[in-house]
Amino acid sequence: MSTLLIEQPDCPPVSGLPQDSCVATQTDQPNAFTSLTALTSLALAACGGGGEDSSAQANASSHAASLEESSDAADDHATAQSVTATSETVPQVPPTPEQAALFLQQAQFSSSDAEIAIVCKIGYADWLEQQLAIPLSDTCWNYLMRFHHNDEANNFFGPTADRISWHKMIEAPDAIRQRVVFALTEWFVVSSATFNETCFASAAYWDMLAEHALGNFRDLLKAVTLSYCMGSYLNMVNNLKGDPATGREPDQNFAREVMQLFTIGLYKLHPNGTYKLDANGQPINTYDQNTIVNLAKVLTGWVADTRNEIPIKYPVSFRQPMIFKAERHDSSSASFLGTTIPAGTDGQKALDMVIDTLFNHPNVGPFFGRYLIQRLVTSNPPPGYVARVARAFNDNGQGVRGDMKAVVRAVLLDPIARRPGRRRNLTSGKLREPVVRMVQWARTFNAYSTAPGGEIKLDNTTSVTFGLAQSPLRSPSVFNFFRPGYVPPNTVMAKENMTAPEFQITDENTVAAYINVMEWAVGNMLQNLKSNYTAELRLVNDVPALVARLNLLLTAGRLTLESARLITKAAQSVPLDHPDGGPTWRIATAVLMVMVSPDYIVQK
């Protein structure tokens, strides 16, 4: 037996993963093992290590843009005056299967044969409109009720809080909405650990984001602000007015983060996302400590809505927006960001004034737009791309600000995202998040649960040594698992000051752990989540065709000739009479090697 030691063999496994080993093995297959080792080495080399946090300025994208090829820069300039990126600004020729697959992998989590065929037939814009029109799928709350988790044994059961998120991403029919929801969980960050990993709290938060993910950003911002989960995480729930007698001051946590992270950022921005500079060439702050103090006063007086609640059995406070208690509110005058709330203003009206002020700030379009581009398309969007998405945020073409569907269209249909036939350059693309890779595997190969009733039982995967270093709604801080401005130190990216957020959780340990997890997944060794390789098994005797299929579905045709050769050779070396299930193991070998290759891990 040849053994590739990835982790220590005695490392404790994640619940939902095999209980016997943290070692990746290839049994009696020297060729497969050698090739897997080679690809693993390539993946490690491509990652370059996570290193220390070194957040870049927002205008790093401007510097990176100077590296764009002249043809790409011409694309950007030619559409710089367009109000939004619509079907009129993307190529009208039918996309190739590879182009359709890339589009699908950016828009949602995966690309199937049927989806690729439809996109090739009707084009990007029409397919996107069909998907954006899909109704909101059933709620996480109802999912928990269906599996009878509204009892004391399960309500505070941590793994159940994780499973609902995986369920939505893997199984929900409104895949674009769920992809945006996942991105929003990394923007409006909460952590299930804050509310005791209560599954109904996590369900309520995911459902709230899903309800507003394709609605209006203002409604989304207000819903987040009044969410019990956010209130619990950033201390707005039960936030009391100041008391001069005791020296108590209103908590400033949410007031600070709603500006810094959720709406306007630290520095004033041009519409294209680059910094506005003062006379000394320094970025201009968007707010100061006095702004935080005044905003914190206005945000007092909100408490959990426990009316009609039956603890454990029906914890409605997790689901209901917080309610206002006037006696706890500071109703003195407050001024912030050019807005003054007069003394005595009703607290609920005052909150709406806060939401309106933040929502209408000129920074929000480029600040949030750049973030969503990073999550879906590329880590280093050029300024023109950001500007077009910001325009879509500011005006959807019908005078509506904050239309999330318009923003999603602008991100996905922009010429930079859809440039056909261009050679991908140094600044294009992004590292796929580990969670997105796992979901792509599950959706691509129609993974199904073997648990009673078909409940998805994939649990906490945040471990950096035997997990994915990431798990939905489990961020270690309000800054998410990685920061939008992260620049990997001691790399070519650092030399060029290019942001690469996902690299903040990428190093030799997490790459190796990811390989282990994916070996368990693709080899159907997860406890109750199994892949369906029916379509792939039809090609088990034609390995080049099998690899070509995986190349399309997983990488959108990005495998290099050398990678394809290595994968083909490794899969062919697995005999069909292998005692572990030859045909399935041959398929699993090919799938694993594609999914650990840098050609796959870097989405371009």
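Numbering of residues begins at 1 and proceeds along the displayed sequence. We use all heavy atoms of the structure for the numbers below, so side chains are in, but hydrogens, waters and symmetry mates are not.
Proximity of a side-chain donor or acceptor of D599 to a complementary backbone N or O of T560 within less than 3.5 Å is detected. Checking side-chain atoms of W585 against main-chain N and O of G523 turns up no donor-acceptor pair under 3.5 Å. Using a distance-only test at 3.5 Å, with no hydrogens or angles considered, no donor-acceptor pair links the side chain of N532 to the main chain of N446. Between the side chain of K530 and the backbone N or O of N524 there is at least one donor-acceptor pair closer than 3.5 Å. A donor-acceptor pair under 3.5 Å links the side-chain atoms of S471 to the main chain of T461, judged by distance alone. In this structure, the side chain of Q374 engages the main chain of P484 through a donor-acceptor pair within 3.5 Å. Remark: side-chain polar atoms of S202 are not paired, donor with acceptor, to backbone N or O of C199 under 3.5 angstrom. Between the side chain of Y124 and the backbone N or O of P95 there is no donor-acceptor pair closer than 3.5 Å. Checking side-chain atoms of R370 against main-chain N and O of P381 turns up no donor-acceptor pair under 3.5 Å. In this structure a side-chain-to-backbone donor-acceptor pair under 3.5 Å is present from R432 to Y600.
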Begin from the C-alpha positions of F466 and W520 and carry the test ring pair (Phe, Tyr, Trp, His ring centres under 6.0 Å) through to its verdict. CA-CA 11 Å; F466 50 88; W520 296 327; 8.5 Å; no
Pair D459, R163 - check side chain to side chain contact (heavy atoms under 4.5 Å, CB included), show working. CA-CA 6 Å; D459 300 337; R163 293 170 186 175; 2.6 Å; yes
Set out, in order, the CA-CA distance, both residues' side-chain angles and the distance that settles ring pair (Phe, Tyr, Trp, His ring centres under 6.0 Å) for F445 and Y533, then state yes or no. CA-CA 6 Å; F445 302 109; Y533 293 134; 5.2 Å; yes
Under the side chain to side chain contact (heavy atoms under 4.5 Å, CB included) rule, what do M438 and V517 come out as? Steps first, then yes or no, please. CA-CA 9 Å; M438 174 64 79; V517 171; 3.4 Å; yes
Would Y385 and V377 count as a side chain to side chain contact (heavy atoms under 4.5 Å, CB included) if you check the C-alpha gap in whole Å, the side-chain angles of each, and the deciding distance to 0.1 Å? CA-CA 11 Å; Y385 190 0; V377 177; 3.5 Å; yes
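Of the inter-residue distances, the one linking N460 atom CG with S192 atom OG reads 7.5 Å to the nearest 0.5 angstrom.
In terms of the side chain to side chain contact (heavy atoms under 4.5 Å, CB included) criterion, residue partners of F481 (sequence neighbours excluded) are, by chain and number, T462, Q470, R474, S475, P476, I505. Q131 pairs by the side-chain hydrogen bond (donor to acceptor under 3.5 Å, both in side chains) definition with nothing, not counting sequence neighbours. Here W206 pairs with Q178 under the side-chain hydrogen bond (donor to acceptor under 3.5 Å, both in side chains) rule; sequence neighbours left out. Under the salt bridge (Lys or Arg N to Asp or Glu O under 4.0 Å) criterion, R565 pairs with E562, not counting sequence neighbours. In this view, D207 satisfies the salt bridge (Lys or Arg N to Asp or Glu O under 4.0 Å) rule with no residue, not counting sequence neighbours. Scored by the side-chain hydrogen bond (donor to acceptor under 3.5 Å, both in side chains) test, Q106 finds R418 as partners (sequence neighbours excluded). For the side chain to side chain contact (heavy atoms under 4.5 Å, CB included) test, residues two or more places apart in sequence or in another chain that qualify with S110 are Q440, R443, T444. For A447, the side chain to side chain contact (heavy atoms under 4.5 Å, CB included) test picks out W441, A442, L529, with sequence neighbours left out. Looking at residues two or more places apart in sequence or on another chain, you find no side-chain hydrogen bond (donor to acceptor under 3.5 Å, both in side chains) involving Q260. Residues satisfying the salt bridge (Lys or Arg N to Asp or Glu O under 4.0 Å) criterion with R437, sequence neighbours excluded, are absent altogether.
For the ring-ring contact (aromatic ring centres under 6.0 Å, His included) criterion with F262, the lone passing option out of F367, F479, F188, W187 is F188.
The aromatic rings of F103 and W127 lie perpendicular to each other, with more than 60° between the two planes, well past the 30° mark. Using cut-offs of 30° and 60° for the angle between ring planes, the Y143 and H167 rings count as parallel.
Residue pairs that meet the salt bridge (charged side-chain N to carboxylate O under 4.0 Å, His left out) test with at least one member in residues 371-384, sequence neighbours left out, are E186-R375, R375-E433, R375-E502.
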Could you list the donor-acceptor pairs under 3.5 angstrom formed by side chains in residues 542-555, with sequence neighbours left out?
residue	atom	partner	partner atom	Å
D542	OD1	A545	N	3.4
R549	NE	E536	OE2	2.7
R549	NH1	D113	OD1	3.1
R549	NH1	D113	OD2	2.7
R549	NH2	D113	OD2	3.0
R549	NH2	E536	OE2	3.1
N551	OD1	T555	OG1	2.5
N551	OD1	R558	N	3.2
N551	OD1	L559	N	3.0
T555	OG1	N551	O	2.7
T555	OG1	G557	N	3.3
T555	OG1	R558	N	2.8

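Side-chain contact annotation: T450 with N528, donor-acceptor N/O pair under 3.5 Å absent. No hydrogens or angles considered: nothing links the side chains of S449 and E455 as a donor-acceptor pair under 3.5 Å.
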